[in-house]
Amino acid sequence: MNDSFIQINGISKHFGNVKAVDDVSFQIKEGEFFSLLGPSGCGKTTLLRLLAGFEYPTSGNLLLDGSDITALPPDKRPTNMVFQNYAIFPHINVEKNVQFGLRKLGLTNDEIIKRVKDVLSLVKLEGYEERYSSQLSGGQRQRVALARALVRQPKVLLLDEPLGALDKKLRDEMQLELRTLQKEIGITFVFVTHDQQEAISMSDRVAVMSEGKIQQMSSPNELYKNPQNIFVSDFIGETNFLRAKTASKDGEYINVNIEDLGSFKIKNNLNISENASDVICSVRPETMMIDREKSDWDICLEGKIRQTSYLGEMTKFYVETKEIEKIITVSSQYFDNQSFQDGKCFISINLNDISLLNKK
Amino acid sequence: MLQVWKSFYARSDPAKAYSLLSPALILVTLAMLIPLGLMLSFSFFTQTSFTEIDYSFTITRYIDFFQSNLLVSLLIKSVKISFIVTFVTLLTAYPVCYYIAFYVKKNKMLWLVLLTLPFWTSYLLRVFSWKIILGTKGVINSSLINAGLLSEPLTFLMYSETAVIITLTHAWAAFALLPLYVSLDKIDFSLIEAARDLGLSRLETFWKITLPLSLPGIIGAILIIFIPTVGDYVTPALLGGTDGRMLSNMIQAYFGKVNNLPLGAASATIMLITVAIVTIVVSYTTKKLTQRIS
């Protein structure tokens, strides 16, 4: 497998004064399910469109499988795209939509018929050949768009928020299916989404983008457990932020003075410097424990529940404590919104679950 | 009684529909159907002398029409001129609409309004201004002569078929812009991108996606231009000379100087039927054609 199948070298794309993509460099592996994740306007779609050839970079170059594709128009690139709104041609039926991209590949009639048949069975759309876009449901349109792109056997499949328009149940189903499909056919997928849960559950690697730059690029686990900065920590999942200052280092650890809570020795994964006055501690809601009694965990605070939201598989508690000014979010699978009638509770934190981040 | 009527009215959709339609229905009946009926019946009469008409039924006027080389050739010329005008208008209006629909991001409406600006003056004034531009001592001829490119003025510019085509094209262009723009603006640009993504060049994408999807607008524009220009009377009368004369000028003569009402009525009816046939054929073949393209 080629580790630098797609090479993005110093790519920038400016629209007037707006730097949609700002000097981005990274590589995508062959056969990888790669996601570009970020809030709207972060440049992820622009980056995908640069890969597809719908936009040309202001600077930098793109290599695909060793050859420079920077200046190639979309019809000359070995990439295909699944559009956000699917872009099914409304004036021709499903079969012709799927055949559409095959005419220019110089295949024989028999090969075309076979490929269309195979791909329609791959996306489970047999029997829908004669239908038109207006006669299909959202999920079926999505499959047509997928089939139309895959039938060309591209080197890279680009997906622009393809699940955004589907309802939740169908979206979960399609996530699993897409993932299975990708493993089955082994084509490199570049998937754009603003949904962090989607990116985390499907991808081999995720690049989190904000303001035209890559904030962090790693495996989903790494992203969740070891966020590199506040943006990533905040964007992936939910977390509580506490202000802090660092003191002296101690090997892999560093002494940290967490605001309102006192001094603790915390693992220094990001190698944050001593005596920094502007660091942040992040604690995930599910790593804390909420209980009626005091615990012997590293930190245990008495609190009052201000608000709860019951989510079925777990309940979120919004807790006010004497020590911390902010409301702390804790989630629990054992207790629910009826467990603390008087609102009195204790929340406990292990130091191992606190991650230290630079404020910038 | 009033109560009964009120409750009947409240429950009856046809009653509501007809009462809403009635102003238009009355107008159409008075101003369209009755005159049309009169014209049709006149086409079956005979003009016996300058003042007298024989009201017995005959189809001789229609036979007269098709036996007259002049009338048949004028009909053919009217249709031909109209087709050329329609084609040239489409060819000029389509790229403009394409540009506004896909490349203008802000103030699309302003662009359209500005394009229709020349059409805020009266039709007659515009026809006269073409006279000034195309005439023997007009803008084009005198500037070409002054520049030394010509010694004699171009005579085909004025009082000719060319003059009629140029003037009609300009006069009706605005009416083609709107249906074309609307149909192009409705096309989702990602469909065009998708076609490019699937390996088609710009030109192929235009033929396979953009053109078929803008077909409703094209048919609309063809009909909107063809129907009124085939019967246009002012432009050929003022700029056509003998070469650019159209059937409508002859019909006007039959109802006026020549005073042969039945033959004029028969010519007008034949023109009406021709327009109807052309309209049906155009819409049908354009539809078929695009089905084949895509």
Side-chain angles (χ1 to χ4, degrees), chain A residues 15-16 45 48-55 72-93 95-107 112 119 132-133 141 144-154 156-162 165, chain B residues 90 94 97-99 101-108 179-222 282-294:
Chain A
F15 295 108
T45 298
L48 194 78
R49 291 172 60 81
L50 284 163
L51 285 169
F54 300 137
E55 311 280 354
L72 288 184
D75 50 317
K76 300 276 181 284
R77 296 191 185 199
T79 60
N80 280 111
M81 180 128 152
V82 176
F83 288 81
Q84 187 167 16
N85 58 2
Y86 315 137
I88 312 290
F89 303 126
H91 57 305
I92 49 180
N93 64 22
E95 189 179 18
K96 293 213 169 120
N97 260 282
V98 177
Q99 278 175 4
F100 197 88
L102 292 178
R103 306 173 196 233
K104 297 294 289 285
L105 295 184
L107 302 172
I112 290 181
V119 83
Y132 285 81
S133 171
R141 277 181 212 171
V144 176
L146 202 59
R148 189 178 65 179
L150 284 175
V151 79
R152 280 171 61 87
Q153 303 178 349
V156 181
L157 187 72
L158 308 167
L159 303 105
D160 185 10
E161 307 218 19
Chain B
L90 275 182
Y94 198 95
C97 295
Y98 187 93
Y99 178 78
F102 294 126
Y103 293 102
V104 175
K105 295 280 177 258
K106 279 185 279 184
N107 300 328
K108 289 186 178 193
L180 286 176
Y181 167 75
V182 169
S183 71
L184 282 166
D185 197 50
K186 264 201 297 197
I187 298 175
D188 181 356
F189 196 68
S190 63
L191 293 175
I192 292 168
E193 288 185 334
R196 299 274 285 136
D197 190 60
L198 293 167
L200 267 63
S201 69
R202 279 171 195 280
L203 200 63
E204 289 164 332
T205 303
F206 177 77
W207 282 112
K208 301 233 184 255
I209 304 297
T210 319
L211 193 66
L213 289 178
S214 63
L215 198 64
I218 294 175
I219 295 177
I222 289 178
V282 163
S283 344
Y284 185 75
T285 46
T286 335
K287 268 222 175 86
K288 275 275 163 247
L289 204 71
T290 27
Q291 268 168 16
R292 234 197 5 238
I293 296 176
S294 49

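So that the names make sense, note that chain A is the first sequence line, chain B the second, and so on, each numbered from 1.
The nearest pair of heavy atoms linking B:L198 to A:R152 is O-NH1, 2.8 Å. Nearest heavy-atom pair across A:P90 and B:L191 is CD-CD1, 3.8 Å. Heavy-atom minimum distance, B:A194 versus A:R148: CB-NH2, 3.6 Å. Taking all atoms of both residues into account, the shortest heavy-atom contact from B:D197 to A:T79 is OD1-O, 3.8 Å. Here the closest heavy-atom approach between residue B:R196 and residue A:P73 is recorded as NH2-CB, 3.9 Å. In plain terms, the two heavy atoms of B:K208 and A:R103 that are nearest each other are NZ-NH1, 3.6 Å.
A:F100 has its side chain within reach of B:I209: a pair of non-hydrogen atoms, C-beta onward, lies under 4.5 Å apart.
Applying the side chain to side chain contact (heavy atoms under 4.5 Å, CB included) rule to A:E161 yields the partners A:K44, A:Q84, A:V192, A:H194; only residues at least two apart in sequence or on another chain are considered. The side chain to side chain contact (heavy atoms under 4.5 Å, CB included) search around B:K108 returns B:I100, B:V104, B:Y181, B:D185, not counting sequence neighbours.
Salt-bridge check for A:R49 with B:E193: passed, with a basic side-chain N closer than 4.0 Å to an acidic carboxylate O.
Around CZ of B:F189, the count of heavy atoms belonging to other residues, nucleotides or ligands within 6.0 Å exceeds 12.
Both the backbone and the side chain of A:F89 come within contact range of chain B, judged by heavy atoms closer than 4.5 Å. Neither the backbone nor the side chain of A:L102 has a heavy atom closer than 4.5 Å to any heavy atom of chain B. For chain A, the nearby part of B:L213 is the side chain; its heavy atoms alone come within less than 4.5 Å.
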